[in-house]
Amino acid sequence: MKTITHRRREGLTALIAVNLIALGTLAFLMVTAGAAVTFADMVHKKELRMQAALNVRACLDSLALMAAKDYFLNGQVSLREFGCTADVSNDFRGNVSFGAAAVLSGVSARDSRAVRL
């Protein structure tokens, strides 16, 4: 009488091979998904940095216009539409300097400017 042990070994080998291939594919998928998430986060942060820098520039331009309109503009000014706060230093002899900082979703940008009126 013959035993059928040979077929059992082939089935076990196939089962192990299929499991190894499935786990390898799963590991590759997890690494690829992690890299995609990291790249998407990096791009999002770069966009936020660019937008924050544009907000600071717009804030400084608006402050220059405000200083041209209001001779007594001095101290801390907040412009909510740009998400920025600025320190205005006016010597009341026509020299005005601004230091502005904008915060956008945790990303901040700073810049300064001096204007002669």
**Leu73 vs Val77 side-chain heavy atoms within contact, under 4.5 Å** = yes

**Message:** Would you say CZ of Phe92 has more than 12 non-hydrogen atoms from neighbouring residues, nucleotides or ligands within 6.0 angstrom?
**Reply:** yes

**Prompt:** Within a strict 4.5 Å, meaning less than it, do heavy atoms of the Thr85 and Ser78 side chains meet?
**Reply:** yes

**Request:** Heavy atoms only: give me the nearest Ser108-Val103 pair and the separation to one decimal.
**Result:** CB-CG2, 4.0 Å

**Request:** Taking the side chain as every heavy atom from C-beta outward, state whether Leu60 and Val56 have any pair of such atoms under 4.5 Å apart.
**Result:** yes

**Request:** Using a 4.5 Å cut-off on heavy atoms from C-beta on, say whether the side chain of Arg113 contacts that of Leu63.
**Result:** no

**Complete:** Residues Ala109 and Ala53: closest non-hydrogen pair is CB-N, 3.8 Å

**Message:** For Thr25 and Leu29: C-alpha separation, side-chain torsions, deciding distance, then whether side-chain contact (heavy atoms from CB on, under 4.5 Å) applies.
**Reply:** CA-CA 6 Å; Thr25 304; Leu29 176 68; 5.6 Å; no

**Request:** Look at atom CE of Met42 and say whether more than 12 heavy atoms of other residues, nucleotides or ligands are closer to it than 6.0 Å.
**Result:** yes

**Asked** Taking side chain as C-beta onward, heavy atoms only, is Val115 less than 4.5 Å from Ser97?
**Response** no

**Asked** Is Leu117 reachable from Met66 through a run of hydrophobic residues whose side-chain heavy atoms are each under 4.5 Å from the next?
**Response** yes

**Item:** Phe82 and Ser62, any side-chain heavy atoms less than 4.5 Å apart
**Value:** yes

**Message:** Using modelled atom types and a 3.5 Å cut-off, is there a donor and acceptor pairing between side-chain atoms of Asn95 and backbone atoms of Asn90?
**Reply:** no

